[in-house]
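First the structure, in the form of structure tokens, and then the observations on it.
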Amino acid sequence: MEKVEGIGGVFIRARDPDALGAWYERHLGIAAEHGHWSQAGGTTIFAAFPETSDYFDADRRWMINFRVPDLDRMIAQLEGAGIAVTTDPDWNSDVGRFARIHDPEGNPVELWQPSQLVRDHEVKG
């Protein structure tokens, strides 16, 4: 069976695409030159949730999750820029630690610092 190799793109409808792109670059470091963003290799979680899940905003059909190397530093950076960050110890598990923000258009964004268990699995892969 032929399989995909990874995520080829993330596409978001926006009222102001340029402003939203600039927000992602300024606050999360996603510098997409001509729409192309080279990212570090690593685990990507692909999971479908029941419609009744309360894992993310009920009025949204999707939530993007970005891997970060140091969640505490990312949280401090975002809060320093006036961006509300939500954490909940119940979100953390053996796969890592999580935090949530919303972009200026209300889209949910989850930040994930993979655990050592996940990073060890990537090396053994």
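The first residue of the sequence shown is numbered 1, and numbering continues consecutively from there.
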- For residues 68-87, pull every pair meeting salt bridge (Lys or Arg N to Asp or Glu O under 4.0 Å), keeping only residues two or more places apart or in separate chains.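 Those involving residues 68-87 are Asp72-Arg97.
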- Message: I need the minimum non-hydrogen distance between Arg60 and Pro108, along with the two atoms involved.
- Response: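 Shortest heavy-atom separation between Arg60 and Pro108 comes out as CG-CD, 3.8 Å.
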- Shortest non-hydrogen separation from Ala99 to Leu71 and the atoms involved: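 For Ala99 versus Leu71, the nearest heavy atoms are CB-CD1, 3.9 Å.
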Indicate if [X] and [Y] have the same hydrophobic cluster label, given that clusters are the connected sets of ILVMFWY residues with side-chain heavy-atom separations under 4.5 angstrom.
X      : Y      : result
Ile7   : Tyr24  : yes
Val109 : Trp112 : no
Val10  : Ile45  : no

- Message: Once ring pair (Phe, Tyr, Trp, His ring centres under 6.0 Å) is applied, do any residues pair with Phe56, and if so which ones, sequence neighbours excluded?
- Response: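 In terms of ring pair (Phe, Tyr, Trp, His ring centres under 6.0 Å), with neighbours along the sequence ignored, Phe56 is linked to Phe49.
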- What pairs with Arg13 under salt bridge (charged side-chain N to carboxylate O under 4.0 Å, His left out), at least two apart in sequence or on another chain?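 Expected list: none.
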- Set of residues satisfying salt bridge (charged side-chain N to carboxylate O under 4.0 Å, His left out) with respect to Asp16, sequence neighbours excluded: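 Testing Asp16 for salt bridge (charged side-chain N to carboxylate O under 4.0 Å, His left out), a comparison that skips the adjacent residues, returns none.
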Check side chain to side chain contact (heavy atoms under 4.5 Å, CB included) between [X] and all other residues, then give those that pass, not counting sequence neighbours.
X     : result
Glu51 : Arg61
Arg26 : Ala22, Trp23
Trp62 : Ile12, Ile64, Asn107
Ala14 : Pro17, Leu20, Glu105

Does any part of the side chain of [Y], heavy atoms only, come nearer than 4.5 Å to the side chain of [X], both counted from C-beta?
X     : Y     : value
Asn65 : Thr44 : no
Tyr55 : Met63 : yes
Met74 : Leu28 : yes

- Can Ile30 and Phe66 be said to form a side-chain contact (heavy atoms from CB on, under 4.5 Å), step by step? CA-CA 10 Å; Ile30 299 172; Phe66 292 118; 3.4 Å; yes
- Item | Polar side-chain atom of Arg67 near backbone of Gln113 as donor-acceptor pair, under 3.5 Å |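 No: the side chain of Arg67 does not pair with the backbone of Gln113.
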For residues 82-94, which side-chain donor-acceptor pairs fall under 3.5 Å, sequence neighbours excluded?
from  : atom 1 : to    : atom 2 : distance (Å)
Asp88 : OD1    : Asp90 : N      : 2.8
Asn92 : OD1    : Phe98 : N      : 2.9
Ser93 : OG     : Val95 : N      : 3.2

- Query: Between Asp103 and His27, does any side-chain donor sit less than 3.5 Å from a side-chain acceptor?
  - Reply: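 The criterion, which ignores hydrogens and geometry beyond distance, is not satisfied for His27 and Asp103.
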